[in-house]
Protein chains: 2
Amino acid sequence: MATMKEIAELANVSVATVSYALSGKKNVSQAKRDRVMNAVRLTNYKLNSIAKSLRTSKTGIIGVLAEDIRGLPVPEIVDGISQRLTESGYQLLLSNLQLLSKLYNRYEQLSRYIGSVNRGIQLLEDARVEGIIYVAMHDRRIDDIRQPAGIPLVFAYADSDDPNSVSVTYENQRSVAAVTCCLIEQGHRRVALIAGHPASPVTKERLAGFRAAMDGAGLPMPPEYLRWGDWEYRSGFEQAGALFALTVPPTAIVAMNDAMAAGCYAQAALQGLRIPDDLSVVGFDNQSFAAYLYPPLTTIALPNKQIGLTAAQRLLWKLEGKPDVPANTVLPCELMVRESTRALPGAGQPRSAR
Amino acid sequence: MATMKEIAELANVSVATVSYALSGKKNVSQAKRDRVMNAVRLTNYKLNSIAKSLRTSKTGIIGVLAEDIRGLPVPEIVDGISQRLTESGYQLLLSNLQLLSKLYNRYEQLSRYIGSVNRGIQLLEDARVEGIIYVAMHDRRIDDIRQPAGIPLVFAYADSDDPNSVSVTYENQRSVAAVTCCLIEQGHRRVALIAGHPASPVTKERLAGFRAAMDGAGLPMPPEYLRWGDWEYRSGFEQAGALFALTVPPTAIVAMNDAMAAGCYAQAALQGLRIPDDLSVVGFDNQSFAAYLYPPLTTIALPNKQIGLTAAQRLLWKLEGKPDVPANTVLPCELMVRESTRALPGAGQPRSAR
DNA sequence: GGCATGAATATAATCGTTTCACTTGCTGCG
DNA sequence: CGCAGCAAGTGAAACGATTATATTCATGCC
């Protein structure tokens with residue numbers, strides 16, 4: 001492959017002139033510029049980005065550290081990141097930790113988890129990336145991860161405990177409050193909650209949102225209406241079963257994610273309960289299948305792409321040396337009202353399951 | 001950040017010795033090696049991979065060109081690729097074309113499509129990747145994409161018309177034949193097909209599989225049982241409606257993907273048909289929600305991760321100069337038998353819809 | 001005319017490695 | 001003893017760009 005030196009010889013100018021002609025950083029006469037351009041065309045010359053990087057110590061590469069590319073929100077977030085980075089001429093080096101398969105039980109292997117993350121950061125540093133975006137799905141706060149030396153790090157989706165880190169997340173509490181209010185406005189008084197894994201901070205935030213909505217409407221939250229799941233379909237199925245077995249079952253269920261909501265659907269079908277006539281159900285995540293369930297599931301759509309776009313923007317700001325990059329940006333979610341909820345005709349009347 | 005020169009001074013040896021000590025390519029006395037290692041530890045020295053790349057003209061980076069990272073099989077394929085590449089010490093540069101949003105109607109904008117792909121390849125070449133894996137979801141054969149100069153290109157998921165290209169795909173025809181046979185063995189005689197977009201070669205292959213199974217069993221394929229969809233949920237819903245309205249409706253439906261199968265579920269629920277008692281349904285793709293539908297959907301799981309692993313392996317072979325890298329590898333799919341199918345009790349007896 | 005000014009161009013140092021070619025000093029053998 | 005052979009170590013030339021500095025030459029102004 002041709003080099004600048006060859007172009008210089010072909011165009012009968014110095015390499016410096018070739019460099020200036022191509023970069024436009026300094027004036028070059030029209031005549032010489034033309035000669036250079038012709039030589040470039042003739043030889044199909046391509047600038048060697050490696051040599052350029054060595055000289056300028058800028059690689060134009062951003063590292064994306066994904067806990068697992070297969071994770072639900074991750075592809076959309078990466079899509080947003082790649083869009084924003086491409087617009088600014090950066091490339092994207094992906095480090096995929098595969099934590100979904102390796103550390104399935106994430107609540108008990110924190111040190112191995114941290115180790116994986118740090119190794120990933122190490123690898124990206126070795127590749128001389130100019131910045132790192134960490135797409136973290138972990139549902140606990142992280143503060144032990146290694147701060148890469150000299151290059152900015154932005155958290156996307158989940159955030160860090162480190163007060164001077166930059167992160168872009170979404171509104172958990174407000175969103176659950178909103179969807180719960182929606183049910184209350186439709187006349188529901190007996191609203192149950194199927195929560196996520198109890199140890200998860202995400203569960204706590206969403207629970208707080210649910211509490212806020214119920215308290216705000218002066219509605220009770222009997223303990224038997226608060227069911228603990230583990231984010232999986234199966235637990236939604238089981239907890240819905242427990243709810244339907246109550247002497248006074250709920251008229252509406254808020255599931256903390258769509259998978260558990262789908263579990264409710266299955267249990268309801270099994271028990272002959274019709275959604276939304278006999279029971280309203282809402283989820284969280286707006287997974288692709290939410291619209292495919294019958295009836296289509298009312299749920300909350302996360303601003304995943306926007307998280308990616310914004311995280312990339314924050315990183316670019318840091319790289320530009322912009323002052324006052326916001327520490328934590330919390331993006332709003334969108335309520336997707338579909339057909340799994342219905343206004344209660346005789347609000348307040350007891351209804352018996354099965 | 002420290003350089004080899006500084007290490008050399010600190011350890012009182014030449015830079016050449018430092019390089020040899022670190023790479024292990026030449027014998028270095030234990031004494032000097034120790035001094036080098038100490039200096040490395042002391043200064044927290046990291047080899048500059050850019051300088052190394054410049055000197056050796058090897059970057060250790062593989063480009064992954066994804067038509068859209070959000071596409072159904074893509075994250076799993078990328079997961080497989082990243083696993084195999086990481087094992088071999090390669091990094092992964094991701095170029096995401098976002099074609100899902102940009103070229104929605106893929107059947108009419110071929111030239112813009114090719115342009116995007118070629119620009120993506122260009123970008124990866126500029127970054128000096130050592131090889132490219134093209135994760136193509138396009139459902140037509142591609143032969144106009146630019147062959148990158150000097151670096152190997154492997155197709156994953158879809159293949160190319162170019163006879164001397166390397167690709168890794170999956171078994172379309174055999175898989176649909178298998179799932180259809182499964183229905184036939186259960187006594188179904190009136191089996192309908194909801195096909196994908198008629199222009200797609202994938203549709204043609206899957207149709208051929210269906211035909212093979214039906215022909216093999218000597219069963220008729222009346223034209224009203226062959227319905228054309230477009231891969232979307234909505235079309236499954238509509239075509240299922242058309243099938244149920246027939247005077248002699250089918251007892252089983254093969255949908256060419258899970259989204260359209262979900263559409264069948266919705267139509268069946270609307271019409272009061274129970275799955276699998278009144279109707280058996282099978283899909284294709286094993287999307288996450290297939291197990292969440294009620295009843296869980298029998299479908300075909302693509303070997304996505306395996307496609308990624310294998311494609312990466314093929315590329316590594318090419319890089320190693322291994323002779324006889326197989327041109328096209330076709331991986332088997334897995335039949336996921338769940339609860340959406342049931343043996344017909346009185347096989348052959350007419351059954352009326354609704 | 002003399003001289004400062006500025007544009008266009010060239011020269012050469014530099015980025016941090018790898019690796020070829022060479023020196024040095026030691027061992028073993030005829 | 002002399003010399004081949006080998007291991008350990010060094011020096012310096014690449015790799016292919018960027019860019020500070022120097023050079024040349026035309027121009028404008030007093």
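Chain A is the first sequence line, chain B the second, and so forth, proteins listed ahead of strands; every chain is numbered from 1. The analysis underlying the following values was restricted to heavy atoms, covering all of them including side chains, and did not include hydrogens, waters or symmetry mates.
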Atom pairs under 3.5 Å, N or O on each side, protein against nucleotides 15-18 of chain C: can you list them with distances?
| residue | atom | partner | partner atom | Å |
| --- | --- | --- | --- | --- |
| C/dT17 | OP1 | B/Tyr45 | OH | 2.7 |
| C/dT17 | OP1 | B/Asn48 | N | 3.3 |
| C/dT17 | OP2 | B/Met4 | N | 2.8 |
| C/dT17 | O5' | B/Tyr45 | OH | 3.2 |
| C/dT18 | OP2 | B/Ser19 | OG | 2.6 |
| C/dT18 | O2 | B/Arg55 | NH1 | 2.0 |

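Under a cut-off of 6.0 angstrom, the local environment of NZ in B/Lys52 is sparse, with at most 12 non-hydrogen atoms contributed by other residues, nucleotides or ligands.
For the pair B/Glu9 CD and D/dG11 P, the computed distance is 12 Å after rounding to whole Å. In this structure, the CG atom of B/Asn12 is 12 Å from the C1' atom of D/dG9, given to the nearest Å. Following rounding to the nearest Å, A/Leu22 (CG) and D/dG16 (P) show an atom-to-atom distance of 16 Å.
The side chain of B/Thr17 places an N or O atom within less than 4.0 Å of a non-bridging phosphate oxygen (OP1 or OP2) of D/dT10. Within the 4.0 Å cut-off from OP1 or OP2 of D/dG9, at least one side-chain nitrogen or oxygen of B/Ser29 is found. For the OP1/OP2 pair of C/dA7 and a distance below 4.0 Å, the side-chain nitrogens and oxygens of A/Asn27 include no atom meeting the criterion.
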Contacts under 3.5 angstrom, residues 57-64 of chain B side chains, donor-acceptor by atom type, not counting sequence neighbours:
| residue | atom | partner | partner atom | Å |
| --- | --- | --- | --- | --- |
| B/Thr59 | OG1 | B/Ile61 | N | 3.3 |
| B/Thr59 | OG1 | B/Arg128 | O | 2.8 |

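Among the heavy atoms of the strands lying under 4.0 Å from B/Lys26 is at least one base atom, whether or not backbone atoms are also near.
If you check the side chains of A/Arg41 and A/Asn38, you find a donor sitting under 3.5 Å from an acceptor.
Ion pairing of A/Lys318 with A/Glu130 is absent here, as no side-chain N (NZ or NE/NH1/NH2) approaches a carboxylate O to less than 4.0 Å.
With sequence neighbours left out, A/Tyr45 forms a ring-ring contact (aromatic ring centres under 6.0 Å, His included) with no residue at all.
A ring-centre distance under 6.0 Å is found for A/Tyr170 and A/Tyr157.
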